[in-house]
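As a basis for the values below, the full set of heavy atoms in this structure was taken, side chains included, without hydrogen atoms, waters or symmetry mates. Please read these numbers as outputs of a predicted model, since none were measured by experiment.
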Amino acid sequence: MKSAKLIQSTSTYKSVYKTTLNQSIVDTFLLQCQSLNEFNQILSQMIVTGFIKDTYAASRILTFSTAKSSFINLHYSRQIFDHIENPNGFIYNTMMRSYLQINHPKETLLLYKLMLKNMKTVYPDTYTYPLLIQASIGSVLEGKEVHDHVVKMGFDSDVYVRNTLINMYAVCGEMMDARKVFDESPVRDLVSWNSVLAGYVQMGSVEEAKMVYDQMPEKNVIASNSMIALFGRCGRMNEAYRLFVDMKEKDLVSWTAMISCYEQGGMYEDALVMFIEMNRRGISVDEVVVISVLSACARSLVLETGASIHGLVFKTGTSSYVNIHNALIHMYSTCADIADAEKLFNSSSHTDIISWNSMISGYSKCGSLKKAREVFDKMPVKDVVSWSALISGHSQAGMFDETIALFQEMMLRGQIKPDETILVSVISACTRLAALEQGTWVHAYIKKNGLEVNSVLGTTLIDMYMKLGCVESAEEVFYKMDEKGVSSWNSLILGLAMNGEVEKSLEMFSEMKRSGVVPNEITFVAVLGGCRHMGLVDEGHHHFDSMINTHKIEPNIKHYGCMVDLLGRAGLLKEAEELIASMPMAPDVATWGALLGACKKHGASEMGERVGLKLIELQPNHDGFHVLLSNIYASKGSWENVAEIRGTMIENRVVKTPGCSIIEANGIVHEFVAGDTGHPRIHEIEEMLDVITERVKMIGYSPDTNEVCFDIDDEEKETTLFRHSEKLAIAFGLMVMDPSTPIRIMKNLRICNDCHALAKLVSKAFDREIVVRDRHVFHHFRQGSCSCMEYW
DNA sequence: TGCCCCTAGC
């Protein structure tokens, strides 16, 4: 009865055997069986003759069918299983193992339930529980349940069962439980030791792993290889190497582990030397080691070695492996040998997406974005890496508009979800373009889709919000981050200081130290920069000293630059000049430039002249220094000297960088250049400027004409001043933007005294918040005052 | 009939 359905599918074969079946005939037949047809012949015969009722025969046919997954699918095997009248433990185990092998652990567990239901005729044995334990990997709860059954049924003394339990807990990251099973084991074999060791290795718990390894009664190659890899991952190269040298029997994997340790630790030369030594000793190479060593070549940009490895793998015939082929293309394109990359790429069948992606990133790295796009367009199937290579390629080439356009194209097509690399590229492009709306959209997308904001992505978001003047949003990102790296803190500290919240910035610096994150040299650039904004001379000195003495960080030229600027702005010009003289390295243009700025601010025209002339000598084509020096002369009315500077500027072909401000209004970015008359709404803007002037003059504005360095009369000076790009942008913002939205402006140069004074008064007279980011710092203008407290 | 099995990547 039970066999009716199965016979149907096998009925065409019923007359093959006339003789009665026995095990020896079945065995002979199975030995030759190579297709489903042949299999069905014997199976139908077994059913018809009733030989299938023989438990041993049934187990043989089921074992055979589960082993031949190439022509018998598991569903069919299950049908056979269901037709076996008195399946024993062995038959259950075989079926359960098959489900496990095709990754259907749930079916394995269901079969166990069936087994328990039929407990009168069949019992789980020591072979059943390892299978069940493996089937419950992925759910600790299920694993514990199975563990309970093991104890209840009395199988917990079996070494196989215990070892599988150790492995299960270790894989699930439950090392306490793994360790408990291990410690309580009456018998421990090599597998027990290796399993518990593998758990610690996977967790990266190097001390625990080391302890287990040292206690092992006999050290096997696999355990030693794992330890080498673990030491490497933790950056403990010396220990990895010592272990490697001390190993009595090294195999190919030991060499590979050591080489990839070096490769991943950035010690590319050591990796290559080790590979050469391996070859010299005549140890054969495999795919894994070749890929590792090619990666070392790519990362260290040593094309020649890479090419000689190419020669070697060509000889051994491994170059035809797809993975090696791809690694070669990657190596050539990364080393900017795009011609050889192309040659290999064109010689392949183009079926592998990885080689296409390598070509895209190769062209991107060489700056051939057009070619990268061509390859991209020709690709039959694109994955997230293809988009990532193209998008980050454009971002790295400074093509920010294109970066965002590509991202929009990708989102529009809707097939690929962006990964973290893409998001980081797009967010930094938004930062550079001051495209806050677009950036905020990306952030909203991340939140909406519940994407993980890891340290890098979070830091990029903080950086964006801070550089676009949205302090609260930046802080929100920071507090929601799970893992805060030193760069996350740096972005926060730097951003707060940049936005005029220096006190908070310094508080965060203390908080950072309290939370155990070790500050690095960038942290101190941020901290000293904060002190500089507020003119906190004593505090600046204190942090500068603690950097050297407490944190053992050698000050670099940027730290000195900050200190010079801090002292100079505070009017301590002599002290600043002395600090420059005490620097262990040659002061750079920025350092002298800071001093020159300070001279201008404090009207120290004698020192200013000296420093200015020195700077012009150091960098004759820099526009800013000429302008600064010229301003120093202009402010004391030395028009002859001003004219002289203008002469040198013409002689040195210095072109004054025009001031340029951008403002994003209603999703569109508008650009204004000083003296601009090109904007389509320029007449309205000019009318608005008149309105502004009238209103602010009533509350005490008078143009600060000292800023204009040319010898022209005061009325004309005033007109020139009113063509400054930020004023045009402010007027435009007042015209078109909703009063509830702050007017955000990005300027390429520093904001001038006059524009600063005007912006303060506008914020009061028009009751509007204005945010101007200049080259150095943010100015949040609210109700007549500015967050920079007049330090900029 | 079984448990552990290390090394690589756009």
Sugar-phosphate, base or nothing in reach of [X], heavy atoms under 4.0 Å:
{"X": "A:S260", "result": "sugar-phosphate"}
{"X": "A:D158", "result": "base"}
{"X": "A:Q202", "result": "nothing"}
{"X": "A:N323", "result": "base"}
{"X": "A:Q134", "result": "sugar-phosphate"}
{"X": "A:N93", "result": "base"}
{"X": "A:R162", "result": "nothing"}
{"X": "A:T256", "result": "base"}
{"X": "A:T128", "result": "nothing"}

### Task
Identify the heavy atoms of A:Q215 and A:W193 that sit nearest to each other, and give their distance.
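Reported closest heavy-atom pair: O-CH2, 3.7 Å.
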Are any of the side-chain nitrogens in [X] or [Y] under 4.0 Å away from the carboxylate oxygens of its partner?
{"X": "A:D177", "Y": "A:K180", "value": "no"}
{"X": "A:R236", "Y": "A:E207", "value": "yes"}
{"X": "A:E374", "Y": "A:K370", "value": "no"}

### Task
Go through DNA chain B in 5' to 3' direction and return only the first and the last nucleotide with some atom under 4.0 Å of chain A's heavy atoms.
B:dT1 to B:dC10
### Query
Would you call A:D156 and A:V161 a side-chain contact if the rule is heavy atoms closer than 4.5 Å?
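A side-chain contact is absent here, since even the closest heavy-atom pair is not under 4.5 Å.
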### Task
Examine A:F345 together with A:W356 and report whether their ring centres are nearer than 6.0 Å.
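Yes, ring centres under 6.0 Å apart.
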